[in-house]
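Remember, predicted model here, so these are calculated numbers, not experimental data.
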Amino acid sequence: VAGIAGIFSYMVVPALNPAKKEVSKELSGDGHNEEESSHSTDEGGSSKMMKVPFQLPESILVNIKGENNKVLSAKVGFLLKTKVNDDTKLKLMQDHLGKFNSMLVAAARSYFVDLDEDDLKVTEKVHRDLLKSKLNIVFMKVRSYDPKLEVLLEGDPVEEVYLPYFTHQ
């Protein structure tokens with residue numbers, strides 16, 4: 001990963017400063033390798049956290065309380081703060097999270113079931129923030145049930161909730 005960061009840095013610099021021609025010399029010279037190795041040790045301690053997108057496997061469809069018999073349909077995704085730093089651990093985390101999909105869907109569904117028609121008038125941001133709180137509570141339980149996830153996920157792992165579609169009619 002540190003090698004990718006070094007390459008990324010050199011890809012951005014020429015685009016911002018096209019007049020400099022030193023980039024090709026650094027890429028072919030020995031100085032770049034020394035810089036890259038010092039970069040990887042500097043980043044070693046802080047590169048332990050990765051933010052991973054996660055989407056619930058099914059859409060949520062609920063009846064909304066009120067006079068108009070509205071139906072709400074929502075797809076829920078979120079960004080997780082993890083301690084994952086490679087693809088193997090990412091796959092392991094996704095496999096372990098898969099065991100708790102029904103629990104996560106149930107938590108999101110329980111939030112939407114409690115909504116009234118008047119609640120649909122507030123901005124989507126309000127619903128995303130309330131879902132974030134509810135999901136973080138569920139993740140606290142999930143982490144206690146699965147020791148692997150306790151190691152792979154941060155304390156309150158849901159950083160942001162996304163509602164790719166959130167419609168009611």
Side-chain angles (χ1 to χ4, degrees), residues 1-9 12 36-66 70-168:
V1 175
I4 294 170
I7 292 170
F8 178 77
S9 174
V12 172
E36 184 177 343
S37 64
S38 67
H39 178 69
S40 64
T41 56
D42 291 345
E43 291 294 318
S46 63
S47 66
K48 292 183 181 180
M49 191 178 93
M50 181 191 301
K51 294 178 184 172
V52 177
F54 188 83
Q55 191 165 9
L56 295 181
E58 57 190 75
S59 297
I60 297 170
L61 188 66
V62 296
N63 292 323
I64 300 297
K65 299 174 202 166
K70 289 189 175 185
V71 176
L72 175 110
S73 176
K75 185 74 175 169
V76 179
F78 36 90
L79 191 62
L80 292 174
K81 296 179 285 185
T82 69
K83 298 174 187 171
V84 171
N85 56 4
D86 63 21
D87 290 340
T88 307
K89 288 182 181 176
L90 177 64
K91 177 73 172 129
L92 179 67
M93 183 197 72
Q94 290 171 337
D95 291 345
H96 281 265
L97 272 179
K99 298 174 188 174
F100 298 99
N101 277 338
S102 61
M103 203 170 156
L104 296 168
V105 169
R109 186 181 313 279
S110 72
Y111 170 76
F112 290 123
V113 164
D114 290 338
L115 294 178
D116 292 328
E117 282 184 26
D118 293 337
D119 295 332
L120 299 175
K121 295 176 184 172
V122 300
T123 63
E124 187 180 301
K125 173 86 170 114
V126 172
H127 296 295
R128 292 191 338 238
D129 289 344
L130 292 171
L131 266 170
K132 175 182 171 181
S133 297
K134 192 161 193 97
L135 288 169
N136 272 327
I137 291 168
V138 172
F139 270 105
M140 188 170 34
K141 293 176 187 173
V142 166
R143 289 177 72 229
S144 70
Y145 296 152
D146 189 331
K148 286 281 188 198
L149 287 176
E150 191 165 2
V151 171
L152 297 171
L153 293 172
E154 294 286 328
D156 283 333
V158 180
E159 181 168 299
E160 187 69 40
V161 172
Y162 300 102
L163 298 170
Y165 68 86
F166 180 77
T167 59
H168 47 87

Can you tell me how far [atom2] of [Y] sits from [atom1] of [X], rounded to the nearest 0.5 angstrom?
X: K125; Y: R128; atom1: NZ; atom2: CZ; result: 5.5 Å
X: L56; Y: L97; atom1: CG; atom2: CG; result: 10.5 Å
X: E58; Y: L104; atom1: CD; atom2: CG; result: 11.0 Å
X: E117; Y: K70; atom1: CD; atom2: NZ; result: 5.5 Å
X: E160; Y: D129; atom1: CD; atom2: CG; result: 7.0 Å
X: K81; Y: L153; atom1: NZ; atom2: CG; result: 11.0 Å

- Could you check V62, N63, L120 and say which one makes a side-chain contact (heavy atoms from CB on, under 4.5 Å) with L115? L120
- Tell me the salt bridge (Lys or Arg N to Asp or Glu O under 4.0 Å) pairs involving residues 86-97, sequence neighbours left out? K91-D95
- Message: Show me the pairs that pass salt bridge (Lys or Arg N to Asp or Glu O under 4.0 Å) and involve residues 135-145, at least two apart or across chains.
- Response: none
Could you report the tightest heavy-atom contact between [X] and [Y], atom names first, then the distance?
X: L149; Y: V142; answer: CD1-CG1, 3.5 Å
X: V113; Y: K65; answer: O-CE, 3.6 Å
X: E159; Y: K132; answer: O-NZ, 3.1 Å
X: V84; Y: M50; answer: O-CB, 3.1 Å
X: L61; Y: S73; answer: CD1-CB, 3.8 Å
X: K134; Y: S110; answer: CE-OG, 2.8 Å

So [Y] and [X], do their side chains get closer than 4.5 Å, heavy atoms only?
X: L72; Y: T167; value: no
X: L152; Y: T82; value: no
X: P157; Y: N136; value: yes
X: M103; Y: Y145; value: yes
X: V158; Y: L79; value: no
X: V76; Y: F112; value: yes
X: V151; Y: K83; value: no

- Task: Kindly say whether D118 contributes a backbone atom to a donor-acceptor pair with the side chain of D116 at under 3.5 angstrom?
- Result: no
- Task: Could you list all the ring-ring contact (aromatic ring centres under 6.0 Å, His included) pairs where at least one residue sits in residues 71-96, not counting sequence neighbours?
- Result: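 Passing the test, one end in residues 71-96: F54-F78, F78-F139.
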